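Accompanying notes for the structure given below.
Note on naming: letters A, B, ... go to the chains in the order of the sequence lines (proteins, then strands), and numbering restarts at 1 for each one. This one's a predicted model, so the numbers in the text were calculated from it and none came from an experiment.
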Protein chains: 2
Amino acid sequence: MTIKDARTPASSQDEQPIAGEKSTESGKSIGWHKGYVEGSRPDLRVPVRQVHLTNGQSVTLYDTSGPYTDPLVDTDVRRGLAPLRENWIIARGDTEEYAGRPVRPEDDGIKHTSPRGGNLRNLDAVFPGRPRLPRRSRDGGAVTQLAYARRGEITPEMEYVAIRENVAPEVVRDEIAAGRAVLPANVNHPEIEPMIIGKRFLVKVNANIGNSAVTSSIEEEVEKMTWATRWGADTVMDLSTGRNIHTTREWVLRNSPVPIGTVPLYQALEKVDGKAEELTWEIYKDTVIEQAEQGVDYMTVHAGVRLPYVPLTANRKTGIVSRGGSIMAAWCLAHHKESFLYENFEELCEILAAYDVTYSLGDGLRPGSIADANDEAQFAELRTLGELNTIAKRFNVQTMIEGPGHVPMHKIKENIDLQQEICEEAPFYTLGPLTTDVAPAYDHITSGIGAAMIAWWGTAMLCYVTPKEHLGLPNRDDVKTGVITYKIAAHAADLAKGHPGAQEWDDALSDARFEFRWEDQFNLALDPDTAREFHDETLPAEPAKTAHFCSMCGPKFCSMKISQDIRRQHGGSQGEIEEGMAQKSKEFAAAGNRVYLPIAD
Amino acid sequence: MTIKDARTPASSQDEQPIAGEKSTESGKSIGWHKGYVEGSRPDLRVPVRQVHLTNGQSVTLYDTSGPYTDPLVDTDVRRGLAPLRENWIIARGDTEEYAGRPVRPEDDGIKHTSPRGGNLRNLDAVFPGRPRLPRRSRDGGAVTQLAYARRGEITPEMEYVAIRENVAPEVVRDEIAAGRAVLPANVNHPEIEPMIIGKRFLVKVNANIGNSAVTSSIEEEVEKMTWATRWGADTVMDLSTGRNIHTTREWVLRNSPVPIGTVPLYQALEKVDGKAEELTWEIYKDTVIEQAEQGVDYMTVHAGVRLPYVPLTANRKTGIVSRGGSIMAAWCLAHHKESFLYENFEELCEILAAYDVTYSLGDGLRPGSIADANDEAQFAELRTLGELNTIAKRFNVQTMIEGPGHVPMHKIKENIDLQQEICEEAPFYTLGPLTTDVAPAYDHITSGIGAAMIAWWGTAMLCYVTPKEHLGLPNRDDVKTGVITYKIAAHAADLAKGHPGAQEWDDALSDARFEFRWEDQFNLALDPDTAREFHDETLPAEPAKTAHFCSMCGPKFCSMKISQDIRRQHGGSQGEIEEGMAQKSKEFAAAGNRVYLPIAD
């Protein structure tokens, strides 16, 4: 699998532009390159996307695409990415390598003699890259960014995100210390480029990938991950439920420049052959350790689905729509017992603290339809998540809280307000919400609306929804559409929150638009390829890209052109403008009243 | 051009299902049919889309698709639609036919000897359908729905929309009388199925079509119109700017079941060969009469772009982005005179009142970038639109007010609040707004977000934005994507406003989803075709459509299935549930703890 050809112009090393240098190929400006901002030490280099404009200026954008877009880095998915943070982790001296839990066939869903036994070798695929012993806290204490922040330390990871977010490192430390932000960074995932999730920072986007029992393969999932980050995904959740679940995750982790999240319950359920009632705390715990050793950065834990809440869903229109939620509900009912996740939450905290795995406290009872939004079941669970958040913090475990779901616009704000109050401003991480149920095949849009709003009001990370939601598994195009839609929602929220610097991007693009710098418009666009393609569909000729009009209005009616002429005729300060109006008017007439380009008709 | 094949299953009359009767073709349920709700008179039949569910229930949805989806109506674009309202208009006795303004070659942009002279015959295309004399007010007074409403009359048009909106006719009359709603219905466009635009009613969506100097043809524009209404467009604006402008409009009007809007300034400018400074009030007025005689239902008039406001745009990032606005600004500067539209506004009111053309007071100074949102130029113009609204009402002309544009989320509410205050609650009609500038090729989404929000807060009609915005002219697919996106925004707003009955649609679809009635989900979807296609992409087999799972989670993990089992086990009232929990738990175990479908693995 090769990645480099996706957006860099050349595929072999020799022909590629050197990072930090503007290059051209066949006379055409490349338009952007991968750059780095150096921190206080040589191994702290924060990637950026540097867009070069034809007017000589440049715009610096946040970059999530990892080493894959750096032509100087030779990536190989079978080897994995370089362990960027390894020295930082070792230098802290609070972790140690250990033998680790032995990997068993059932980790990959190979428990019983299978009718597909002939495929066992394939199913048993391993990650070929450099073996590395797992690492954990040396003394059982917390080796989390939260623990460091509370001690007043600024870790290299914190400095890294401070540069990325263009804020002081102290701001990063303080937000983490207060529990208002998380920096998901498992000590066993040294490959990541650190990022932060919190309302004080840029709104983040998560993309879900994952094979299922029905379809898809390891390679596809790794490619979906790199593809998603290419378009701007800040984290990726691997929600695989089929076979090869352990190995798929290994490949994804070793190649991922962004934090990886999972729902360990899915794998635990595979281990008991899909029988929820056979789940035990021991099997679950074993799975969490297995995944923590691999390097999973955050885990969705549905510990808020308590036995007494299950009956609250009985009269819902769409019952329980979270897979994790429904599994735990089934377990609770089968045993008529309180959830083993809720009962063993403190022990789980100790485990997560030893690897710096961040909690994503799952909303197993989130509404799955407009009718069920903001109901008793949903808010009962949210109050429990508040309790659990307090416990997690006592163990120095970084924590974020998951949110809905399907919510009509007028009920969205209550969700974020209540969550912020109950969970002491822990980062909210929401799925949409979808603002109507009536548009399957367009749920990236029904949910993009809700996502933009809830992010404006304080949600820190948005879980994307693809056009395939409710209908099927997303393919490559769906992943891209989902990510782009959610980058729009996130950026719209950054603007609405008045995030410093957010508007520079819009301003640069609008300047380019007003000045008919078409190539700059494309290069600054969230999706340069599609913008260029759509333009070329109507006006394909190369000269059209420098023309002072576009196909929408044609050359005679272009409002931008007229507007430019007005500015040329009447520029200057307000006073000058008014003073000179009559005079200008005469000149305007004398110049032949030329408000349009002379064109041949 | 044939239309019938788009969503009705058969194309010839004989094989077609009878409206009002549920039919099947090759054993497959058709799922929906066109029905009518009869009013107080036999010629008052309001179309609805009746969706038949597999559980025997049915859901009634608003229908904008016109006679094209009625298999009993034989449509022919060369003949045009039947003049549904003709008898209602004649019966009022306040209009008369007259010879009308002679149609001149320059109406179609054929003024000078053209280098393309050989094509003159083609350019001179006419509409072949039944010629009809234009009609206008008999005594020069207002023949508008506003005038009738103020007199306390309930016209057939008002009754029609009352049925369509499921409210009392008095509500319709009162909202129109108060100027809070408009019912655009030119006496020369008897073909329309009346609809209403006002915040008290369902949020409406407009789709723009129109050829330009660069591309596209008459046939394409007519087809775009029928295509747009098929997917839910409530009105269509013909923004043609190229040749054949008069004839294109004639074809569109004669075939349109929805109100048609235009910007007469575009055609007036064609008549002066694109030289803004050569525009005169006389040429403009002649164009308005020409279009009013054809039957245009509402006209965008940029009378708020006043001379003193033009300099306010000088320091904008993107100047003036409205075509109409920039043309008027150029005229004002060229002559250093106040706008001829502003100066002659009262005479214009008299003309519009004589045909019942509705004003859409254009926002020529709307912001074209995030940086320019809510600036002095924009709000200066809005205050003038408020003045003009008052004048228009004095002449009994129905009036709505156009709004932006590019506005970040936190500045959206100010737009609608100010407009409602300044314009005495006249319907607001906004373009988006786009909530960020950085996503060309996805501006249906950047604007869909803003559209949903501003509609929730009171905007009555949303002008769609297609993926091609800023890049090119929309094709058929873009029109569909734009309409669907805006129907989502409009419906999300209807839900948020608590519009009576709006949620029934969501509830029906969510019920179908929970009960795995896949065919019902598809038939209830805003876009059944794409929903079905996406489902089939992963699980194409016919049995999958009745399967109790989908490809997302596979058969073992389906939360809906688990949730259904929970309900089966623990249904009933809250009290019964809690009481019976322990007992149920035992039964659950006794039944083999079956929370999943037995599947072969």
Non-hydrogen atoms of [X] and [Y] that approach each other most closely:
{"X": "A/G319", "Y": "B/F514", "answer": "N-CE1, 3.8 Å"}
{"X": "B/T318", "Y": "A/S510", "answer": "CG2-O, 3.6 Å"}
{"X": "B/A496", "Y": "A/M409", "answer": "CB-CB, 3.7 Å"}
{"X": "A/K468", "Y": "B/F534", "answer": "CE-CG, 3.5 Å"}
{"X": "B/D506", "Y": "A/D437", "answer": "OD2-N, 2.7 Å"}

So which of [options] has the biggest tally of heavy-atom pairs under 4.5 Å with chain A?
{"options": "B/I449, B/L239, B/V438", "value": "B/V438"}
{"options": "B/A371, B/G448, B/A502", "value": "B/A371"}
{"options": "B/M453, B/H406, B/K497", "value": "B/M453"}
{"options": "B/T446, B/D478, B/L524", "value": "B/T446"}

Next item on the list: Evaluate side chain to side chain contact (heavy atoms under 4.5 Å, CB included) for A/H410 paired with B/W456, printing each intermediate quantity in order.
Entry: CA-CA 8 Å; A/H410 64 299; B/W456 168 26; 3.7 Å; yes
Proximal component of [X], with respect to chain A [non-hydrogen, under 4.5 Å]:
{"X": "B/W331", "result": "neither"}
{"X": "B/S322", "result": "backbone"}
{"X": "B/P474", "result": "neither"}

Check: Just wondering, do B/P440 and A/R513 contact through their side chains at under 4.5 Å, heavy atoms?
Finding: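 A side-chain contact exists here, since the closest heavy-atom pair is under 4.5 Å.
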Checklist line | Side chains of A/Y442 and B/I484 in contact at under 4.5 Å (non-hydrogen atoms) | finding: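 Side-chain contact under 4.5 Å: yes.
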Next item on the list: Give the intermediate values and the outcome of side chain to side chain contact (heavy atoms under 4.5 Å, CB included) for residues B/T436 and A/I488.
Entry: CA-CA 7 Å; B/T436 167; A/I488 289 170; 4.1 Å; yes
Item checked: Trace of the side chain to side chain contact (heavy atoms under 4.5 Å, CB included) decision for A/N475 with B/E537 -> CA-CA 10 Å; A/N475 61 24; B/E537 212 174 280; 3.2 Å; yes
Note to self: Apply side chain to side chain contact (heavy atoms under 4.5 Å, CB included) to residues A/Y486 and B/I445 and explain how you reach the verdict.
What the structure shows: CA-CA 10 Å; A/Y486 272 69; B/I445 297 176; over 6 Å; no
Margin query: Using a 4.5 angstrom heavy-atom cutoff, name the option from A/S369, A/G450, A/A439, A/A452 with the most pairs to chain B.
Written below: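 It is A/A452.
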Item checked: CG-NZ distance between B/L509 and A/K317, expressed to the nearest 0.5 angstrom ->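 So the CG of B/L509 and the NZ of A/K317 are separated by 11.0 Å.
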Next item on the list: With a 4.5 angstrom heavy-atom cut-off, could you sort out which part of A/A493 is near chain B: side chain, backbone, both or neither?
Entry: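 Looking at A/A493, backbone and side chain both touch chain B.
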